[in-house]
Structures are given as structure tokens and as C-alpha cells.
Amino acid sequence: MQSKKTIQCLADLPVMPTTLDTMAWNKTGAWRFLTPVARNKIPPCRQGCPAGTPVPDFINALKQNGENGALEIILAHNPLPGLTGRLCYHPCQTKCVRRDLDEGVSIQRIERYLADCGDFQPPAADPGKAGCVTVVGAGPLGLSCAYFLGLQGVTVKVTDAGTRAGGALLDIAPEKLDPGVLEKEIDRLVAAGRLELSLGTETPAAALAEMADQSDMVILDPTAGNGAVAAPESAVSFNPFDDEAPAGNVVAPTLPDNLIPFKAPMIAHYIGAGRRVARLVAACLSGESFASQEAANSPDQPVTAEQIRLDRFRAEQSAETSPRKRQVEWTREQVMAAADRCLSCGTCNLCEQCVISCPDTSILKNPAGTGVCVDLYHCKGCGICAYECPRGVITMEEINE
Amino acid sequence: MKKVMMGTEAAALAAKLARVQVVSAYPITPQTVIVEELADIIGRGELAAKYINVESEHSAMASCIGASASGARTFTATSSQGLALMHEVLHYAANGRFPIVMANANRALTPPWNLYCDHTDSLSQRDTGWIQYYCSDVQDVLDAILIAYRVAEIVSLPVMINLDAFYLTHTSELLDVPEQDAVDRFLPPFRPVFKLDTDDPKTFGNVCGSDLYTSIKFKHQQDTLAATAVWNKMADAFADQFGRRHPAVAPYRTEDAELVIIGIGTATGAIRLAVDRLREEGIAAGSLGLSMVRPFPYADVLSALENTRHVMVVDRDVSFGAEGILAQEVKAGLFDRGTDCRFHGFIAGIGGNDISSDGIIQLARQALTGKEETSKTGNSFWTEVLP
């Protein structure tokens, strides 16, 4: 506490009845019994995405940092956005909270635009340090798994009997998917994952044991299409959604019945499954716990549609609706207009409504400029910030300090 | 530049010329035109100000206080019931020493409902600590608001500029409108000594024990009493620049007057006319227009009444259970002088009745002859009362 100035005579009195010095020493935070916690939560669109793409994050990045900033976030969750942006049945849009206000955000169109025009490449991880894995089959699950292993520094070799990578993806009719787009997407994936791609390589089941000796693990891709290698009896069946760690070094991931045989609209499910296999395998190789890796990377609580204060937003007639919208390429203006409609559910986009509403100026932009933080020395816990936050980021919680 | 304008338009234009930064107001007849005009001016982008819509006059004044505390030049306008609803925060504005300027259209208090001119609304707020100025014409409205900001920001007190309902709010006059750069030379930007600052947090209106409370009030009283001289000084500076005088007190032919008639607002015009006509009849009349009622300009009033034998006060207001509010104020001043003059208190023109020079002459004759032709109750004679 600062030393107090004392008033000795009339002339010492300030004109206004104010304190003479700063009152910052008065730690009014001691009055608080509920504490505002600013924490991003999983938005409904992301809850709906089988690949776990953080939709508001990439839309906010698009607005703040442009196409490549957005693509960077997408590629951390989904290596084939050009395919999901065309083929996926977009459960994200089905869950979009904005549908209760006027019309959902066309997330898929934004993703497709970013995949087609962005040229971001994920940075190289230290190769080889985290082990070495062979993926047999270059279908969507195998490629996704190989890509995410590559991003984590695993040296990955992908073999496929076919002359082109893609596995089951190659069976999609050209009128539904431009082969040029498929090729471009796979090229980016292979380059970003630093994958050693070995095409036209038949892998007899008998050779798997030898391959397993040469690498730390062999993974059999169930989406390799015509070139799929049947899992030998020695392979370990592994359900990436239920099992915690593969027990063995020849691993045959299994898929739920609704994903067999390959269905193009379910593309995000195969990507998500491949990512999960990769993370479980990488955790197994590095000896780290999978749960701790996951927790460090993303919000852990969902935000509900009820926490989004729709009354704070203005309903509008979106300009997106067009009878031939599936066929028409979107312009940047259309994409940015769609991005502006995102409510950023559960995801702080620095609207600063809480900052300007706090009567004690105790909600501040965090030093990194990525969100807000609370001055707990002075916050009295009034809860105005939580009430003002239109996207469910700030909640009042009982915290025993 | 010459312009024909109503008092409400002149008040809005004055706020614009003063470059106010925050306007927070709630509409009420007959003031509404002021805030409508300002909303238009701000909406057209002609004034860089924030217009705050509120749900009541209490909130209007509360947000003006907040805005002023943050260092913004602040304006609002109200009338009658709206002013009454502000009562609590009027004290807060003055005790907090916030230099807010407010236009108040003097209108009768209800019930019964009456939208016309009456001064009881603002005079019943005389003890809230606001400087109160009463305009005599539309030019006075425009000029007084500019002087008011200058004074308010020097003495750190709020100023209420009163204009008679309809006689000023809705009557058009030919005005001299000063140029913006001339006003800017007269009225520098608001630079408060203390303001809300998140980087240097202070507590405003904090708790204070009995030890300091009295001293703070004593200083407040000293500063308020000194405001008359500050007003007159700034009114002189205004006159030097613009050629129009708006002193706290306007004496008229009082030097040798046996009868001085005192009034406020637009009635002062009719009173001056009556004085001229009484002089033509050989009666040594004079008048005293009280522009400033708070702080009460004791010295100016007493010097104008020095030689008079009859003091006549026309109140467009009443303090029930006592008499006219101005009558009490003037009497209180005279008591200190120990004068032996005769005092005549009239209640006239309330609820919008006209105060004409004919009417004033009749009242003056009554005062001089002692023939009681009007209804008397308590110390006051009332005009316009049913037999």
C-alpha cells in the first residue's frame, strides 16, 4: 500500500470529491465469490465434425490473417480440405447455431475456397526422432494417418499397389470429383507430411512381418480400395475409437459398419479415424500419454446452443443462396461475407464486449492478443462480462483460491 | 450570420457550437425539439458526439455524470416532470462537481396537466447546488449556453440554463449566430483536472467521514458563491468578443427608482416596457432582471435596490405554505441590509398565463396605492384568480 497523503487545510482538498492518489492498491478482488473464467469451448459445428476441425478458429483466422492463416488451422486437423470441401455431408453446417437466427453459415464453401487458393505448408518436424512407421495402402485413412504421423516427426513410408495414391478415393466418379483436385490435394498431403511414397508396390501378406522388423510399426489401411492388403492373422485388430493403444507392431485399424465399404460423403470420418490412429500410435512410440497430448491441444468442454445469446445478433437475409450454388465457384467477397456471418460460438474473437462492459476494467486483452484475461486482484465477480459475452466463452465459476 | 430560430433550435445549435462530446437526454414537451435537433446534427455527422438514448431523465443525468467524469463536455435538456425525476442525480452532479450544462424548458408541474410556462420546476431545484440562469430571449439562450460551459468548467459546477416554455422554446426570433471559429476562441476544449482514467484509477464520490465532510461542503459553498463573479467576468469576455451582454443581474433605470420590479425569464421584457410607460406617467420605476438565481447575486441585487422605497417581485412560481420563491430570496437579501422599504409579492403568469406590460402596470399601481385589487393569500397577491 502506498503512503497516504493527508489533508491538512482547505487548500489541500481536491476540487472534486475524489481520492488524491491511485486506488489500485485496493485489491477489491477479495470481495469476489464467483470468478469469471474466459475459456474457449468446443462449438457445435466442431462437435459435429468427424475430423474435429475448429471451424470458428479458422474463420476468425481468415478474417485476421487471411487465407493462409486459416488454412494453417485447417491443415492441423484435416489434410484434405479440398475433398471435404466438396464431398462431405457437412454435419458442421447442420449443427450451426446461426440456423436458429436466420440461415446456417456455409462452412463447406469457405473450406473449399481456402483449400483451393491457400498455399500454406505445415512446417517440418524434426524427422526420425519419433520413430519410423510404414503405412500399407494410400487410401484416405492411410494417407491421413501417415500425414499426422509425419507432422509429429515420425518418418513415414507409404506403399500402395496402385500406380496412383488415393486408394478408395480413386473410385469416385470424375463428374463428382475432378481428378485434378484429388491429385493436388494428395500432393500437398505427401509434401506436408514428408512422406516417402512407394507406388506400384505389391505387399504380400507374408512380407508384413519383414516390414515390421524394418520399422517400428506397420499400419494396414482399410480404405486402400482395390489394392488393400488383407490383414494376416498375426496382425492386431485395432479400433481407433475404443482402443487406447495398439498391442503389436502390425496394426489393422478397424472401422464401424457404417464406414464400410468406403463412402465419399463420409470422407471426414476416414480423415478423423486416420488422425486418431496416428495420435495413438505416436503416443505409443513416444511413451507419452495420449490423453495429456489431447488436453493440451484443444478446449475440453462443449458450448451449448443455449449459451449463445442469439438476441445479441441481427438476423439477415444471407446473399449466399443461389439455385446453382453447388456448381458455382465462390469469389473472395462471397467467402468473406459468409465468414462475417459466423457467430464464433464458444470461441473468443476479441469482440471486446466484456472489456468495455466491465465496470472495474478488470477484463483485459491478454498479452498475446489471442483472447481476454481477468485482473483477479480487482475483479469483484459481478458477472457482467459473462452476461455480456454473446458466445459462451466467459462463465462464472466457484473457484476456491 | 443572421438566422431566424426558435429557442429550442438555438439551444441545440449552442450545444453544437460548444462542441459537446456527449448528449444524453429523454424527450419531454416542450424541450423535445432540442434533443431532436441534436440527434439530427449528430446523425448527420456535423458534430463528433455520442448521443445516448436512455429510458428516463434520471438515467439521462446519470449518464451525463459518467460522461463528464470521463472528461467529456456533456449536454442534456429536460423540462418540468423530467427535471423533477432527475432530482436525486441533480444533487450528485453538483456535489460531484461535474461541469454539465443542461437546458431546462420551464413548464408547469402536474397535476392538473399543463404544458405551459411556470418556474416552479427549476426553482424547486434551487438547493441542488446547480448554477441557475434564466433566459429573457432566444439570443440569450444561445449565448448563455456558450458562457455556461466556460463558467462550469472554471468553477467545476453544473449549470442549468432555463428557458420559458413556448415563450422561448417555440417562439422564433432573429438571431446573431456566431461563427464556429469565434466560439472556439471563446470556449477552449474541456481539460478536466480530475477524470476517470483506467491507467490511474481514482475513486470518485467515495466515502468520507464527518471530519472532512463539512470542509468539503464549505469549499463547495465558497466556490458556488464565487461563481457569480466568474459568470460576470466571462459574460464581459463574451461581450468583448461578440458585442452582446448577459450579466448575472440586469438592472434597468434603477438609479433613482422609487419602485423596482423584479422578475426572471421572458417576463423581464414586459416589465421593462411597463417601467418605460410608468416613467411616462411620472412614476420613478425601475426593474431588475434576475438572470442568475443560484448562486443568488446578493451584492448586485442590493446595490440595485439601494435607494428604492418599493420592491415588487413577480413570481411565476409558488412555494406552498410560504410565498413566491423569488420573493423569499429577495427578502432574505434585504434583511441583511436592514432596509425600510415596502415589499410587494405577486404570483402571476403561472401555468402559462401571459405577463403583459398592462398587467405589470396594474400591479405596480396596486403596490403604490395600496388598493388590493388582486386575491391575497398569505404574503402574496395572486393575479388571474377566479373571484
Side-chain angles (χ1 to χ4, degrees), chain A residues 1-32 36 38 311-312 314 350 352-367 369 372-382 384-385 387-388, chain B residues 50 52 62-63 65-71 74 91-100 129 151-158 190-227 230:
Chain A
M1 192 187 287
Q2 296 186 347
S3 64
K4 287 184 188 171
K5 283 184 190 167
T6 49
I7 291 168
Q8 306 283 3
C9 61
L10 271 184
D12 290 344
L13 282 173
V15 173
M16 295 178 125
T18 69
T19 52
L20 295 172
D21 270 330
T22 175
M23 288 297 287
W25 57 267
N26 192 6
K27 302 285 190 288
T28 50
W31 309 358
R32 185 179 66 245
D311 55 330
R312 311 283 172 81
R314 192 176 297 166
L350 280 176
E352 297 193 38
Q353 193 60 34
C354 52
V355 175
I356 58 174
S357 302
C358 176
D360 293 311
T361 58
S362 294
I363 305 277
L364 312 159
K365 266 166 97 164
N366 66 24
V372 294
C373 57
V374 185
D375 171 4
L376 293 173
Y377 289 115
H378 296 100
C379 166
K380 302 192 191 99
C382 70
I384 290 175
C385 53
Y387 176 80
E388 285 294 332
Chain B
K50 172 91 179 160
I52 306 173
S63 43
I65 289 169
S68 183
S70 72
T74 307
H91 282 283
Y92 199 104
N95 291 341
R97 308 292 298 269
F98 299 109
I100 300 160
V151 173
E153 289 163 13
I154 291 170
V155 300
S156 205
L157 285 169
F190 178 31
R191 301 251 184 268
V193 181
F194 293 94
K195 65 172 182 175
L196 286 175
D197 180 358
T198 54
D199 294 329
D200 180 20
K202 292 187 169 68
T203 301
F204 283 65
N206 41 322
V207 175
C208 161
S210 330
D211 50 345
L212 280 184
Y213 189 85
T214 310
S215 297
I216 290 169
K217 295 297 119 179
F218 182 82
K219 191 172 169 120
H220 184 171
Q221 168 74 334
Q222 272 187 328
D223 292 351
T224 310
L225 290 172
V230 176

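Quantities reported herein were computed from a predicted structural model and do not represent experimental measurements. Numbers restart at 1 for each chain; the letters A, B, ... are given by sequence-line order, proteins then strands.
Here the shortest heavy-atom pairing between Met16(A) and Arg97(B) reads CE-O, 3.3 Å. Minimum heavy-atom separation, Gly96(B) to Pro17(A): O-CD, 3.7 Å. Shortest non-hydrogen contact noted between Thr198(B) and Thr361(A) is CG2-CG2, 2.9 Å. Nearest heavy atoms, Val15(A) versus Phe194(B): N-CE1, 4.1 Å.
By the neighbour-count criterion of 12 heavy atoms within 6.0 Å, atom NZ of Lys50(B) is sparsely surrounded, having that number or fewer from other residues, nucleotides or ligands.
The NZ atom of Lys219(B) lies 8.5 Å from the CG atom of Asp12(A); values are rounded to the nearest 0.5 Å. Summarising the geometry, atom CD1 belonging to Ile7(A) is positioned 7.0 Å from atom CD1 belonging to Ile216(B); distances are rounded to the nearest 0.5 Å. Rounding to the nearest 0.5 Å gives a distance of 10.0 Å between CG of Leu212(B) and CG of Leu10(A).
Of the listed residues (Asn206(B), Val155(B), Asp223(B)), the one with the most heavy-atom contacts under 4.5 Å to chain A is Asn206(B).
Under a 3.5 Å cut-off, the side chain of Thr19(A) and the backbone N or O of Thr203(B) do form a donor-acceptor pair.
The part of Asn95(B) that comes within reach of chain A is its backbone (N, CA, C, O), which places non-hydrogen atoms under 4.5 angstrom from that chain.
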